[in-house]
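Note sheet for the following structure.
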2 protein chains.
Amino acid sequence: MSEVAATGISVLLVDDHPIVRQGYRRVLESQGDLHVVAEADNAAEAYGAFKAHDPDVVVLDISMPGASGLEAIRNIRARSPRARILVFTMHNEAVLVKAAFGAGASGFVTKSSEPSAVVHAIRSVARGERAMSDDIAHVLAADSLSPTGSVLDQLGEREIEILRQFAGGATTEQIATHLNLSVKTVQNYHYLIKSKTGARTDAQLVRLAATCGLTRI
Amino acid sequence: MSEVAATGISVLLVDDHPIVRQGYRRVLESQGDLHVVAEADNAAEAYGAFKAHDPDVVVLDISMPGASGLEAIRNIRARSPRARILVFTMHNEAVLVKAAFGAGASGFVTKSSEPSAVVHAIRSVARGERAMSDDIAHVLAADSLSPTGSVLDQLGEREIEILRQFAGGATTEQIATHLNLSVKTVQNYHYLIKSKTGARTDAQLVRLAATCGLTRI
DNA sequence: TGCAGCTCGGGCAAATTTCCCGAGCCGGAT
DNA sequence: ATCCGGCTCGGGAAATTTGCCCGAGCTGCA
């Protein structure tokens, strides 16, 4: 329970829901060795808070579709490669998990995990180890056994993100705003995704996204 | 701050994420007058826990869309009409909100609300009042400016048929051909269906059709 | 008889989609 | 060092669709 220095582990909490954040804080701080030194409620703030507090571990909830979560991971790691980032989200799609690790995350834990598993993961990544919850391990394992060139493999990160939000019901303008892009660019991606996947209709696109686990219905 | 009996308010927490649940518990219990008497992590358990503990307020996270959250609300209310249920979720679609209230919820609060707004809402519903967070009020207000009604019941035969084919991935021309209609008419139906259901996007339409069992994915 | 609602389509301005294009960036191959 | 290819980002312009209004014929119902 205390493989860590007497000073404990400092944590930066990133989540866009205030009350959720406050809940995590209480759970983590009740552990004794975990100290939440800062909170942030979006990717931009996350980077600022990281620079300001240099925490041992960043617990990052990219709950909203990947959004700029991957970007935040890259930004933080670009600044300090020793940063330990634990992604903590309700999503469990293999694409997302691989993207997160690819971006430099040290761990990936779903919210369906037991609290004890989460704090254990935090301690693990603080020690420099890689960590993931059991369900994520299963998802990755299953995924690695299927040589199925999923349709999603032909799509870039941006394209997947936009497809996810679109399939989730978001408007073109909403997506543009969320991702800070021009409406025109989102429209172009929309078209590009359709031609890449061969979908002739928005409805087909949604079904595609659903069958690929990009969105649930 | 204490319009409630000295015994305080007993709460049943329902959320499918253990750590989130534990976080809420801590936030609520730090209030003094709120006591979490039980937790559940799915709709079925929620009903059992309600029967066993008869809490003043059920705080229910129907995180998955449609899902069985509404069913849980109905079950609980069928058993005890005086039950107070506060829906607490990250979703803010008007359809969902109306469905929740229609099923018997007393309040609807999004996770982007301040923690204080959440505990305030709990106290409100405990007093028998209706409660909702500001963002939900805005969504409902905007929505109510075009009286939509429930959902599929307001659609005519033709409309349902066209929605089914559309959600199945059919092109406007294909639908027109299949039904022997002019493209223009199909377009008009498309538009009509959107305005009737309140869907702003084709993707939302597909999701709607799917949750209504009109199409499989 | 008259109202109400579904079905079917026309019209037309506004918005979006569809393609095609170039530019910057980066990583990998030569 | 250089080129190539892919991703990202947007402009432009024609084609299409949307959004919203309209009228007409049909039904069932009061």
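Here is how names work: the chains are called A, B, and so on, in the same order as the sequence lines, proteins then strands, and each is numbered from 1. Keep in mind the model is a prediction, meaning the values are calculated, not measured.
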Of the residues in residues 171-192 of chain B, which ones touch DNA chain D at a heavy-atom distance under 4.0 Å?
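Contacts with DNA chain D under 4.0 Å: E173(B), K184(B), Q187(B), N188(B), H190(B), Y191(B).
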
Can you measure [X] atom [atom1] to [N] atom [atom2] for me and round it to whole angstrom units?
X: D202(B); N: dT16(C); atom1: CG; atom2: C1'; value: 11 Å
X: R74(A); N: dC7(D); atom1: CZ; atom2: P; value: 14 Å
X: I193(A); N: dT18(C); atom1: CD1; atom2: P; value: 12 Å
X: F166(B); N: dT17(D); atom1: CZ; atom2: P; value: 12 Å
X: K196(A); N: dT17(C); atom1: NZ; atom2: P; value: 18 Å

Report the C-alpha distance between H190(B) and D202(B) in whole Å, list the side-chain angles of each, state the deciding distance to 0.1 Å, and finish with yes or no for side-chain hydrogen bond (donor to acceptor under 3.5 Å, both in side chains).
CA-CA 9 Å; H190(B) 190 341; D202(B) 285 351; 3.2 Å; yes

Is I9(A) close to H35(A) at the side-chain level, that is, under 4.5 Å between some pair of heavy atoms?
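No, every pair of side-chain atoms sits at 4.5 Å or beyond.
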
Short side-chain N/O contact to dT17(C) OP1/OP2 from K194(A), under 4.0 Å:
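So the side-chain polar atoms of K194(A) never come under 4.0 Å of the phosphate oxygens OP1 or OP2 of dT17(C).
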
Which residue in the set V36(A), V57(A), V20(A) passes side-chain contact (heavy atoms from CB on, under 4.5 Å) when paired with L13(A)?
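For L13(A), the side-chain contact (heavy atoms from CB on, under 4.5 Å) test succeeds with only one of V36(A), V57(A), V20(A), which is V36(A).
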
For T177(A), all residues meeting side-chain contact (heavy atoms from CB on, under 4.5 Å), sequence neighbours excluded:
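If we apply the side-chain contact (heavy atoms from CB on, under 4.5 Å) test to T177(A), skipping adjacent residues, there are no hits.
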
Taking R74(A) first and then E157(A), would you say they form a salt bridge - that is, a charged N and a carboxylate O separated by under 4.0 Å?
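Judged by the 4.0 Å cut-off on N to carboxylate O distance, R74(A) and E157(A) do form a salt bridge.
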
Hey, is D16(B) close enough to R21(B) for a salt bridge, meaning N to O under 4.0 Å?
no

